[in-house]
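Have a look at the structure below, then the notes.
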Amino acid sequence: MARITGRKPHGPSPLSAGSLAPNVRPPESQPPTDLTTGTTAGTPLDMEPKQERPEENQAERDLEGTLPGAHEVESVELGSGVSFLEVDDRGVPLVMTRPKPRGLLPVPTEVDVILAREEARLLKQHGIVPTPEAHKRMVDSFTLQFYYEGFDVAHRPTPQGVEVLAVGHEEIGRLVRRMGQEELLKIRIGQP
Amino acid sequence: MSISRLEVQLLGKPVWATGDILVRAELDLLLKDQNGLWKPEIFRVDSGSEMTLMPAYLARSLDLPMPRNPVPGGLDVSGVRREVRAGLIRAQVVGMDVTEYVFPCYFVGDPDAPHDPNTPPTPPRNLLGLTGVVDKLRFTFDGTPSIGLPHGSLAVEII
């Protein structure tokens, strides 16, 4: 049986649907990066001069190091809260149990079923029938999510469906480095 | 022709166990790499995020300019202390005119951290936050379904 786990929320749930209640858990107990040794930085990268924040200057950097409490970690709120990921009874994300095809993705039965249900709801509640283009976008999006939710994926739409070109940042990096600008404009990269 | 307003569909995310469809907003951006090439990346538009962010490992794989040194001491990112490089991205919005925007961006995590491609990466993901963005672009969420936009739309306008 699938369960749903949510990331740690901040503030009220953004969900308006009353049928879905997040099963909120604290963030994954991944050990935080030890930042006290100063050795966690990766290979230094050359950065364009303009990449530096324009407001930073030596005086500010010096002052920052001497302010009381400057050693305390500041907090930044990134992400509004809950992200749902379905898991099995062992806590393993369901997406991990699904195949990982490359190339043109076959549309699984689960996508057909859930899309039919959704389109029936749209017709009943709003009296609309999605256009063929909108229907195809949903099929492609749901299919990508079925196989690759949460993964970094390079893909492109085709008339026959969505085509997966690379999975994972290393594979994606190798792919894009082989491509010219024109080819790059035809693909999409993201986490379904 | 200059396009100053773009309407993109809000996307549905199926919850397979319940049949629910959740809604989210994503925007296709082109990011300028170190060689001047524009690389595509999808960002989730998140009004709850103070700052735009990308995983540092992903920025590295795309050859995006990134600060050499992380913020001393790291930052607490939504409850988790992380290595953060405070930089910026040069971006175009796909479907709008070719204006190059400069958005501040936090690159989160170790850019050299090894990752098993057979497992989904841990958060965070690409998020388009408020700082340095909403003074340039206006975002309007409209959940009104239509035949072309079954879950509603996100309108993006140049300010």
Side-chain angles (χ1 to χ4, degrees), chain A residues 2 4 7-8 10 17 19-20 27 30 32-33 35 40-45 47-48 51 53 71 73-81 84 86 93 95 110 114 117-118 122 126 128-131 134 138 141-142 145 150-152 167-173 176 181 184 187-191, chain B residues 9 11-22 28 37-42 46-51 53 57-58 61-62 65-70 73-83 86-88 110-112 115 117 120-127 129 145-148 150:
Chain A
I4 301 168
R7 308 289 181 199
K8 180 179 179 182
H10 184 83
S19 62
L20 186 62
Q30 184 179 20
T33 303
L35 301 174
T40 55
T43 304
L45 294 173
M47 187 174 65
E48 298 172 2
Q51 186 73 4
R53 294 294 180 80
H71 62 282
V73 176
E74 296 182 71
S75 68
V76 177
E77 200 58 49
L78 296 176
S80 55
F84 292 92
E86 292 183 79
V95 69
E110 290 88 340
I114 204 168
R117 184 186 306 181
E118 176 64 4
L122 289 169
H126 301 288
I128 62 171
V129 176
T131 62
M138 285 194 287
S141 176
F142 288 11
Q145 291 178 62
F151 285 78
D152 294 310
V167 179
H169 69 286
E170 291 179 353
E171 197 173 313
I172 290 172
V176 299
Q181 184 66 85
L184 286 168
I187 70 170
R188 304 179 73 207
I189 302 173
Q191 290 184 1
Chain B
Q9 63 173 0
L11 296 175
K13 170 185 168 169
V15 180
W16 308 99
T18 65
D20 293 321
I21 303 293
L22 311 183
D28 285 60
L37 281 176
W38 294 95
K39 303 272 175 69
E41 265 299 317
I42 299 171
D46 187 358
S47 60
S49 283
E50 297 164 341
M51 174 63 76
L53 71 91
Y57 71 80
L58 188 58
S61 70
L62 296 176
M66 194 162 42
R68 181 178 297 110
N69 297 315
L75 291 176
D76 179 317
V77 179
S78 297
V80 180
R81 190 177 182 186
R82 293 185 185 270
E83 182 176 329
L88 50 86
D110 181 355
D112 292 321
H115 174 67
T122 53
R125 57 181 301 151
N126 295 349
L127 293 177
S146 67
I147 61 173

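Order of the sequence lines fixes the chain letters, A, B, ..., with proteins taken first and strands second; residue numbering starts at 1 for each chain.
- Here OG1 of Thr18(B) is found 6.5 Å from CD of Glu86(A). Values are rounded to the nearest 0.5 Å.
- Partners of Ser141(A) according to the side chain to side chain donor-acceptor pair (under 3.5 Å) rule, which considers only residues two or more places apart in sequence or in another chain, are Gln145(A).
- Within the 4.5 Å cutoff, the side chain of Pro150(B) has heavy atoms near those of the Met138(A) side chain.
- Side-chain contact check for Val95(A) versus Trp16(B): every heavy-atom pair is 4.5 Å or farther apart.
- Listed by chain and residue number, Leu184(A), Ile187(A), Ile189(A), Leu30(B) satisfy the side chain to side chain contact (heavy atoms under 4.5 Å, CB included) test with Pro40(B) (two or more places apart in sequence, or in another chain).
- A heavy-atom distance below 4.5 Å is found between the side chains of Leu62(B) and Val176(A).
- Other residues, nucleotides and ligands contribute at most 12 non-hydrogen atoms within 6.0 Å of the CD1 atom of Ile147(B).
- With Glu118(A) contributing its side chain and Ile21(B) its backbone, the two residues share no donor-acceptor pair below 3.5 Å.
- When every heavy atom of Gly12(B) is checked against every heavy atom of Phe142(A), the shortest pair comes out as O-CE1, 3.3 Å.
- Counting heavy atoms from C-beta outward, Asp152(A) and Tyr57(B) have side chains that approach closer than 4.5 Å.
- From Ser61(B), atom OG reaches atom CD of Glu171(A) across 11.5 Å, with rounding to the nearest 0.5 Å.
- Using a 4.5 Å heavy-atom cutoff, the side chains of Ile128(A) and Pro145(B) are in contact.
- For a residue to count as touching a neighbouring chain, one of its non-hydrogen atoms must lie under 4.5 Å from one of that chain's; by this rule Val129(A) touches chain B with the backbone only.
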For this session: Just do the side chain to side chain contact (heavy atoms under 4.5 Å, CB included) check on Gln191(A) and Ile42(B) with the steps written out, would you?
Result: CA-CA 8 Å; Gln191(A) 290 184 1; Ile42(B) 299 171; over 6 Å; no
